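These notes concern the structure reproduced below.
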Amino acid sequence: MGQDQTKQQIEKGLRLYQSNHTEKALQVWMKVLEKSADPAGRFRVLGCLVTAHSEMGRYREMLKFAVVQVDTARELEDADFLLESYLNLARSNEKLCEFPKAISYCKTCLGLPGSRAGARLGGQVSLSMGNAFLGLSLFQKALESFEKALRYAHNNDDTMLECRVCCSLGSFYAQVKESMKIALQHGDRPLQALCLLCFADIHRGRGDLETAVPRYDSAMSIMTEIGNRLGQVQVLLGVAKCWMARKALDKALDAIERAQDLAEEVGNKLSQLRLHRLAEDICRSKGLQREVRAHIVRFHSCVEETELYCGLCGEAIGEQNGRLQALPCAHLFHHRCLQRNAARGCPNCRRASMKPGFV
């Protein structure tokens, strides 16, 4: 079956599927899969089969076709196809409640080189990752992923994605509410603080600052009481974003400075990086060039202290999108650098590294 006939049969299957003749559509697509000699056509029909089985709730079949689609994308050596296939693999594992695998495949999607499909599918990757984090009850990470997905939806006028994110947020809110109820019943103060922080972040994300700020205050009170300094940093970061939304930049900077002091006491470099980046944006908008330079210097100082550098080219890891490679000895390098490196073992420790993993 050639390229033109493959295309015709795929379209025939779509018309049948849209007319609710699902089984007939599946038969047409399976026939294409068996007989087509067109790799791109095979990739497309596999996408149709993945979608159809997902909508029918046949998640194991969905996973089977997603795996074949990844292999097809690798044969085609196309970045867009690879991104789409790994997203389908992540969704399949999410549906089967294999949440760690779903998160891993989402991270693979985010680590792929830039492609035309990135803007179109990036929001769906974040949504799938958020659902997986929610399945593991990692509420803060789930909310961060949902917020990213919502930004993609708004930036690209994707109302369907926005609707799906809102549905997931509804489930998120219900789970956090249930967790709060359990925390109150058992007197679990740390869990109460975490739930209040999540509630505050949800309301801030929805633009309801009047409700968010009191929740942040309550969370801060408990975090201070139990001595959770990293939790206090997260609260102050949310408070700073509230002040920014209200254009009260001086108050936002005050909250960031308090958070920065706590983050330095704890030694949490990731929080310091986020705070310096946020403070840099505020100072830039206020025209405070000296302060901008100071925060940039401190940001890069934190990066140096984390030692997140490629051992071959010396560039910082994470400043630009790019594929990373983790060797069995746990040393990280840019994938492109290792490809150019002729050594068989790790360039740092010289251990043999036959089975690298991708990040």
Side-chain angles (χ1 to χ4, degrees), residues 99 103 126 129-130 132-148 150 169 171-246 248 251-282 295 298-299 302-303 305-306:
F99 300 125
I103 293 167
S126 294
M129 184 179 284
F133 279 132
L134 184 58
L136 294 171
S137 298
L138 298 173
F139 298 132
Q140 200 65 35
K141 290 184 177 181
L143 183 59
E144 289 174 3
S145 296
F146 290 146
E147 286 180 340
K148 288 179 183 176
L150 209 53
L169 282 170
S171 175
F172 173 88
Y173 195 89
Q175 287 198 35
V176 176
K177 192 174 181 180
E178 183 64 25
S179 297
M180 186 66 174
K181 183 178 178 181
I182 293 170
L184 289 169
Q185 288 175 346
H186 293 273
D188 189 332
R189 301 289 279 167
L191 182 56
Q192 288 176 40
L194 177 61
C195 290
L196 285 165
L197 175 58
C198 288
F199 280 134
D201 285 340
I202 291 170
H203 290 298
R204 177 178 54 78
R206 293 166 60 185
D208 185 4
L209 304 182
E210 296 301 323
T211 306
V213 172
R215 297 286 177 92
Y216 280 127
D217 290 342
S218 298
M220 190 65 173
S221 177
I222 298 176
M223 295 288 191
T224 304
E225 174 192 327
I226 63 178
N228 185 345
R229 289 179 292 174
L230 189 55
Q232 293 173 51
V233 171
Q234 293 174 317
V235 172
L236 287 167
L237 184 60
V239 170
K241 290 179 179 179
C242 285
W243 288 123
M244 288 178 68
R246 289 174 168 174
K251 291 184 177 180
L253 280 175
D254 180 62
I256 289 171
E257 288 175 7
R258 291 167 59 199
Q260 195 66 262
D261 290 342
L262 287 165
E264 288 174 4
E265 286 178 15
V266 175
N268 188 282
K269 296 294 187 296
L270 179 58
S271 293
Q272 292 178 49
L273 287 169
R274 294 173 68 186
L275 290 161
H276 282 308
R277 183 67 80 191
L278 196 61
E280 177 195 335
D281 291 340
I282 295 173
H295 283 294
R298 292 171 71 185
F299 176 88
C302 287
V303 171
E305 289 174 23
T306 59

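Count residues from 1 along the sequence. As the structure is a computational prediction, the values presented were derived from the model and not from experiment.
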If you define the side chain from C-beta out and look only at heavy atoms, does anything of [X] sit under 4.5 Å from [Y]?
X: L278; Y: I256; result: yes
X: F299; Y: R277; result: yes
X: S126; Y: F146; result: no
X: I222; Y: T224; result: no
X: L275; Y: V233; result: yes
X: P190; Y: N228; result: no
X: L209; Y: H203; result: no
X: Q260; Y: H276; result: yes

Grab the two heavy atoms, one from [X] and one from [Y], that are nearest each other, plus how far apart they are.
X: I103; Y: A132; value: CG1-CB, 3.5 Å
X: G130; Y: A142; value: O-CB, 3.5 Å
X: Y216; Y: V235; value: O-CG1, 3.5 Å

Q232 vs R229, test: side chain to side chain donor-acceptor pair (under 3.5 Å). Steps then yes/no. CA-CA 5 Å; Q232 293 173 51; R229 289 179 292 174; over 6 Å; no
Using 0.5 Å steps for rounding, measure from the [atom1] atom of [X] to the [atom2] atom of [Y].
X: Q192; Y: I182; atom1: CD; atom2: CD1; value: 12.0 Å
X: L134; Y: M129; atom1: CG; atom2: CE; value: 14.0 Å
X: L262; Y: S271; atom1: CG; atom2: OG; value: 10.0 Å
X: E147; Y: I202; atom1: CD; atom2: CD1; value: 9.0 Å
X: S218; Y: L197; atom1: OG; atom2: CG; value: 11.5 Å

What's the verdict on salt bridge (charged side-chain N to carboxylate O under 4.0 Å, His left out) for D201 and R204, showing C-alpha distance, side-chain angles and the deciding distance? CA-CA 5 Å; D201 285 340; R204 177 178 54 78; 3.5 Å; yes
In terms of side-chain geometry, is the basic nitrogen of [X] or [Y] positioned less than 4.0 Å from the acidic oxygen of its partner?
X: R298; Y: E264; value: yes
X: E144; Y: K141; value: no
X: D254; Y: K251; value: no

Exercise for review: Taking atom CZ of R274 as the centre, report whether more than 12 heavy atoms of other residues, nucleotides or ligands fall under 6.0 Å from it.
Suggested key: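 No - once you tally the heavy atoms of other residues, nucleotides and ligands closer than 6.0 Å, there are 12 at most.
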task: Please confirm whether the backbone N or O of D217 pairs with a side-chain atom of S221, one donor and one acceptor, at under 3.5 Å?
output: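 The answer is no, because no donor-acceptor pair under 3.5 Å joins these two groups.
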Report task. Scan E257, K241, R258, M223 and name whichever one has a side-chain contact (heavy atoms from CB on, under 4.5 Å) with L236. Result ->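 Result: among E257, K241, R258, M223, R258 is the only option passing the side-chain contact (heavy atoms from CB on, under 4.5 Å) with L236.
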